[in-house]
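Structure first, then comments.
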Amino acid sequence: MRWIKNLAPLLVAIVIAVLPAPAGLDAYAWRYFAIFIGCVVGLIFEPLPGAVVGLIGVVLIGLLNHWALFSPTQLADPHFHAAKAAFSWVVSGFTNGTVWLIFGAFMFALGYEKTGLGRRIALWLVKTMGKRSLTLGYAIMIADLILAPFTPSNTARSGGTIFPIIRNLPPLYDSNPDDESRKRIGTYLMWTAIATTCVTSSMFLTALAPNLLAVALTESATGIVISWSDWFLAAGPVCALLLLLVPLLSYWLCPPEIKSGSAVCEWAGKELVQMGKLSRNELLLLCFVVMALLLWIFAGQYMAGALVGLLVVILMLTCKILTWDDILSNKSAWNTLVWFATLVALAGGLSKVGFVKWFGQLVGSQIGGMNPTMAMLVLALIFYLLHYLFASVTAHTTALLPVILAAASGIPGLNMHMFIFLLMPMLGLMGIITPYGTGPSPVYYGSGFIPGPLWWKLGAIFGTLYLVVWLGLGLPWLHVVF
């Protein structure tokens with residue numbers, strides 16, 4: 001089986017490439033699409049790390065530029081230098097501002113981790129609100145909400161900060177994984193945490209790395225630029241309602257047998273005592289993240305979001321909250337930088353070679369008679385439900401977002417700006433439907449507190465709720481806003 005996964009990306013690309021190009025699409029664009037799909041298959045099966053798959057894809061297309069990147073008309077131009085143009089395209093993703101905003105946000109998360117500020121916030125909330133199981137669930141939700149705007153990896157936020165804290169709570173009430181005692185409180189806490197992080201991942205642009213990738217791909221495909229405040233204005237109100245519901249629904253659907261107790265508060269209090277007083281670095285970091293949030297909201301027309309992120313990185317380095325070695329050793333940040341830069345170039349190339357325009361016209365001719373609002377709902381529903389086939393939100397975004405946007409662009413009368421804001425906040429919400437749907441899912445699934453059958457059941461319930469609330473309330477809200 002291993003060799004099949006290793007060869008699948010290459011075989012898929014070859015099979016598509018040797019097939020004749022569809023009517024209306026240039027042969028070189030079809031060959032580009034073949035390599036792109038090969039990369040998507042590579043992202044799904046991961047015979048190599050995602051960043052390596054993306055790098056192979058752009059380098060291969062750059063080397064085969066006469067065959068899969070440039071049109072015969074471009075190549076016939078005596079003033080056109082194919083080699084230079086190909087290299088410029090290969091590295092174009094590294095000049096994308098959104099990619100650097102992702103990198104900067106990863107440094108925010110590193111600051112939270114190194115200073116202990118994220119842990120302190122979570123412990124303080126647990127101590128303050130942990131006397132009752134229901135309010136403890138709200139404490140978990142609030143902790144994730146506070147960290148979300150500055151942590152683009154929900155794996156780092158929920159799996160790396162929230163989970164290690166709440167993992168210590170069930171044993172205080174003799175609630176253990178893999179047996180019936182998990183129902184005492186463990187299942188409730190774990191499900192509340194994962195259900196919460198899926199909502200916060202949709203609420204803020206910088207709360208999930210694929211959100212930022214989606215913004216970059218959208219700008220490349222449609223020219224529509226989305227700011228941090230635009231995203232929050234569109235997604236914030238509905239996601240806030242969902243956040244208020246999540247702990248309560250979890251309390252009803254996987255009710256803890258322990259309704260109240262003081263053990264959790266006592267444990268959190270002891271942990272806070274061990275941490276000591278708020279440190280200088282924690283205070284500085286708190287000031288910096290508040291400053292960044294204000295700049296993202298109010299200064300978008302004067303300062304790019306990526307520049308704000310890099311400014312905070314410089315301030316953290318200058319104030320010695322982080323060292324240069326900390327940044328160099330942050331493999332996740334550098335890996336994501338390379339990965340997303342190559343994916344932005346690959347997906348943007350679909351527009352460059354004319355595939356997106358062709359596909360949009362093709363789909364538009366098939367469903368062009370549909371009411372624009374109904375068409376938006378149908379495409380959004382397809383985009384959401386197809387996540388059952390993906391174990392990565394990044395792979396889902398790369399594979400489906402350009403295609404869905406192309407389909408929408410071919411429908412007469414469809415408000416593209418509104419459709420984009422209807423579609424993209426679904427990236428976080430869809431992570432709840434499966435035990436592999438988003439980064440921290442395997443962490444919580446592997447804890448033993450949420451058995452497989454229960455996850456699929458709760459995932460279907462919460463996934464349906466998220467979808468219905470988002471489409472039912474989000475679309476009317478977007479009509480008001482846009």
Quick check: does any side chain N or O of [X] sit under 3.5 Å from a backbone N or O of [Y], one acting as donor and the other as acceptor?
X: Trp470; Y: Leu423; answer: no
X: Tyr32; Y: Leu346; answer: yes
X: Thr342; Y: Val338; answer: yes
X: Tyr466; Y: Gly431; answer: no
X: Trp455; Y: Ser441; answer: no
X: Arg157; Y: Leu147; answer: no
X: Asn65; Y: Gly62; answer: yes
X: Ser201; Y: Gly428; answer: no
X: Asn154; Y: Thr438; answer: no

Quiz item: Stepwise, does the side-chain contact (heavy atoms from CB on, under 4.5 Å) test hold for Asn211 with Met424?
Solution: CA-CA 7 Å; Asn211 291 349; Met424 291 197 296; over 6 Å; no

For the rings on [X] and [Y], is their centre-to-centre separation under 6.0 Å?
X: Phe70; Y: His66; result: no
X: Tyr251; Y: Tyr188; result: yes
X: Phe163; Y: Tyr444; result: yes
X: Phe232; Y: Trp296; result: no
X: His396; Y: Phe383; result: yes

Quick one: [atom1] on [X] to [atom2] on [Y], what's the gap to the nearest 0.5 Å?
X: Leu386; Y: Met430; atom1: CG; atom2: CE; answer: 9.0 Å
X: Thr192; Y: Ile162; atom1: OG1; atom2: CD1; answer: 12.0 Å
X: Thr222; Y: Ile420; atom1: OG1; atom2: CD1; answer: 4.0 Å
X: Ile14; Y: Ile35; atom1: CD1; atom2: CD1; answer: 10.5 Å
X: Met426; Y: His387; atom1: CE; atom2: NE2; answer: 11.0 Å
X: Trp339; Y: Leu213; atom1: CH2; atom2: CG; answer: 9.0 Å

Within the structure provided, determine whether [X] and [Y] are in side-chain contact (heavy-atom separation under 4.5 Å).
X: Ile411; Y: Leu379; result: yes
X: Phe421; Y: Leu233; result: no
X: Ile224; Y: Glu219; result: no
X: Phe33; Y: Val353; result: no
X: Leu69; Y: Lys352; result: yes
X: Leu454; Y: Thr187; result: yes
X: Met291; Y: Leu311; result: yes
X: Thr397; Y: Val393; result: yes

Provide the closest heavy-atom pair for [X] versus [Y] in the form atom of the first, atom of the second, distance.
X: Ala375; Y: Leu414; answer: CB-CD1, 4.4 Å
X: Met203; Y: Trp231; answer: O-CD1, 3.5 Å
X: Pro210; Y: Thr394; answer: CG-OG1, 3.5 Å
X: Pro152; Y: Leu212; answer: CB-CD1, 4.3 Å
X: Gly57; Y: Cys39; answer: CA-SG, 3.5 Å
X: Pro440; Y: Gly159; answer: CB-N, 4.0 Å

Exercise. Enumerate the residue pairs fulfilling ring-ring contact (aromatic ring centres under 6.0 Å, His included) with a member in residues 137-158, sequence neighbours excluded, ordered by first and then second residue.
Key: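 Non-adjacent pairs meeting ring-ring contact (aromatic ring centres under 6.0 Å, His included): Phe108-Phe150.
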
Quiz item: What do the steps show when you test His479 against Asn415 for side-chain contact (heavy atoms from CB on, under 4.5 Å), and what is the final call?
Solution: CA-CA 10 Å; His479 272 289; Asn415 186 328; over 6 Å; no

Practice problem: Please test Ile16 against Trp30 for side-chain contact (heavy atoms from CB on, under 4.5 Å), starting from the C-alpha separation and ending with a verdict. | Solution: CA-CA 8 Å; Ile16 295 176; Trp30 180 246; 3.5 Å; yes

Self-check item: Parallel, tilted or perpendicular: rings of Trp100 and Phe103 (30°, 60°)
Solution: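 Because their plane-to-plane angle is over 60°, the rings of Phe103 and Trp100 count as perpendicular.
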
Exercise. Verify whether one side chain among Trp228 and Thr206 offers a donor that lies under 3.5 Å from an acceptor in the other.
Key: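 Checked: Trp228/Thr206 side chains pair up, N/O donor to acceptor below 3.5 Å.
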
Quiz item: Can you find a side-chain donor-acceptor pair between Asn335 and Ser332 that sits under 3.5 Å?
Solution: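 There is no such pair between these side chains.
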
Quiz item: Does the pair Trp191 and Phe449 meet the rule for a ring-ring contact (aromatic ring centres under 6.0 Å, His included), with working shown?
Solution: CA-CA 9 Å; Trp191 185 258; Phe449 284 100; over 10 Å; no

Quiz prompt | Trace of the side chain to side chain donor-acceptor pair (under 3.5 Å) decision for Ser71 with Asp26 | solution = CA-CA 8 Å; Ser71 68; Asp26 291 327; over 6 Å; no

Self-check item: Residue among Thr151, Thr196, Thr197 satisfying side chain to side chain donor-acceptor pair (under 3.5 Å) with Asp144
Solution: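 Between Asp144 and the candidates, side chain to side chain donor-acceptor pair (under 3.5 Å) is satisfied uniquely by Thr197.
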
Practice problem: Please say whether more than 12 non-hydrogen atoms of neighbouring residues, nucleotides or ligands are located less than 6.0 Å from CE in Met374. | Solution: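 It does not: Met374 CE has 12 such atoms or fewer within range.
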
Quiz item: Got a sec: does the CZ of Phe87 have more than 12 other heavy atoms crowding it under 6.0 Å?
Solution: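 Counting neighbours around CZ of Phe87, 12 or fewer heavy atoms of other residues, nucleotides or ligands fall under 6.0 Å, so no.
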
Practice problem: Determine, step by step, whether Met303 and Leu295 satisfy the side-chain contact (heavy atoms from CB on, under 4.5 Å) criterion, reporting the C-alpha distance in whole Å, the side-chain angles of both residues, the deciding distance to 0.1 Å, and the verdict. | Solution: CA-CA 8 Å; Met303 187 180 297; Leu295 289 174; 4.3 Å; yes

